[in-house]
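Accompanying notes for the structure given below.
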Amino acid sequence: MTKFPQNPECQAEVETIVQFNDLDPMNVVWHGNYPRYLEIARSALLNKIGYNYGQMKESGFAWPIIDMHFRYINPATFGQRLKIQAMIMEWEYRLKMKYIITDAESGKRISIATTTQVAVDMSKNEMCFASPGILLEKLGLG
């Protein structure tokens with residue numbers, strides 16, 4: 001698998017503020033809310049490369065997430081401003097992204113995560129075993 005160098009075009013950074021409804025009874029962000037934080041950063045990155053969900057659909061491919069991993073390092077709390085970085089790590093056979101969630105003020109690491117998506121040809125409803133050319137084109141590789 002080929003991995004990207006730290007290309008700024010293949011990275012995005014967003015901020016969000018922890019809302020009251022994100023908390024669990026222990027007054028920290030419930031673990032099930034972290035995927036939503038990743039989605040904010042993933043969407044920003046896909047918009048940046050010009051291949052957001054609408055554009056994926058127009059190109060004839062769906063990109064479902066087939067794998068997601070989290071490492072929780074420190075809890076996030078109400079009102080905390082979080083910085084979420086997303087970067088593309090692999091693209092040839094799947095779209096793998098790495099995420100780093102930090103406290104926006106202190107830089108203290110909150111969580112790290114990865115997601116893996118695969119291309120599905122929507123006309124055949126079949127998984128592709130290599131990323132379609134449209135992704136490579138959007139990444140400036142094709």
Checklist line | Residue pair R42, T115: steps toward the side chain to side chain contact (heavy atoms under 4.5 Å, CB included) verdict | finding: CA-CA 9 Å; R42 182 174 42 256; T115 58; 3.5 Å; yes
If I take atom [atom1] from residue [X] and atom [atom2] from residue [Y], how far apart are they, to the nearest 0.5 angstrom?
X	Y	atom1	atom2	value
Q85	L45	CD	CG	11.5 Å
I49	E137	CD1	CD	11.0 Å
I73	I101	CD1	CD1	9.5 Å
Y53	N47	OH	CG	9.5 Å
M122	F61	CE	CZ	10.0 Å
K108	L82	NZ	CG	12.5 Å

Next item on the list: Might you work through the side chain to side chain contact (heavy atoms under 4.5 Å, CB included) test for M89 and M97, ending with a clear yes or no?
Entry: CA-CA 5 Å; M89 303 303 292; M97 295 188 194; 6.0 Å; no
Closest heavy-atom pair and its distance - [X], [Y]:
X	Y	result
S131	R94	OG-N, 3.6 Å
D22	N33	O-ND2, 2.9 Å
N27	T77	O-CG2, 4.1 Å
N74	Y34	O-OH, 4.3 Å
P35	F70	N-CZ, 3.7 Å
T102	R109	CG2-CA, 3.9 Å

Flag yes if [X] and [Y] sit in one hydrophobic cluster, no otherwise; membership is Ile, Leu, Val, Met, Phe, Trp, Tyr, and two members link when side-chain heavy atoms are under 4.5 Å apart.
X	Y	result
F20	V29	yes
M26	W30	no
L46	M68	yes
V118	M56	no
L23	V28	no

Could you tell me whether the side chain of [X] and the main chain of [Y] form a donor-acceptor pair under 3.5 Å?
X	Y	answer
Q117	W63	yes
K138	Y51	no
T116	I66	no
E105	D103	no

Notebook entry, point to check: Above 12 or not: heavy atoms from other molecules or residues under 6.0 Å from CG of N125?
Noted result: no
Exercise. Should the heavy atoms of other residues, nucleotides or ligands under 6.0 Å from NZ of K98 be counted, would the total exceed 12?
Worked result: no
Do E39 and R36 sit within salt-bridge range, that is, some charged N less than 4.0 Å from a carboxylate O?
no
When you check the gap from the basic side-chain N to the acidic O, do R81 and E15 get nearer than 4.0 Å? yes
**OP:** For residues Y37 and Y99, establish whether the separation of their ring centroids is below 6.0 Å.
**Re:** no
Could you tell me whether the side chains of D67 and H69 share a donor-acceptor contact shorter than 3.5 Å?
yes
State, with a plain yes or no, whether a side-chain heavy atom of H31 is found less than 4.5 Å away from one of D24.
no
Query raised in the report: So Q80 and I110, side chain to side chain contact (heavy atoms under 4.5 Å, CB included) or not? Walk me through it.
Result: CA-CA 11 Å; Q80 186 174 20; I110 303 295; 3.8 Å; yes
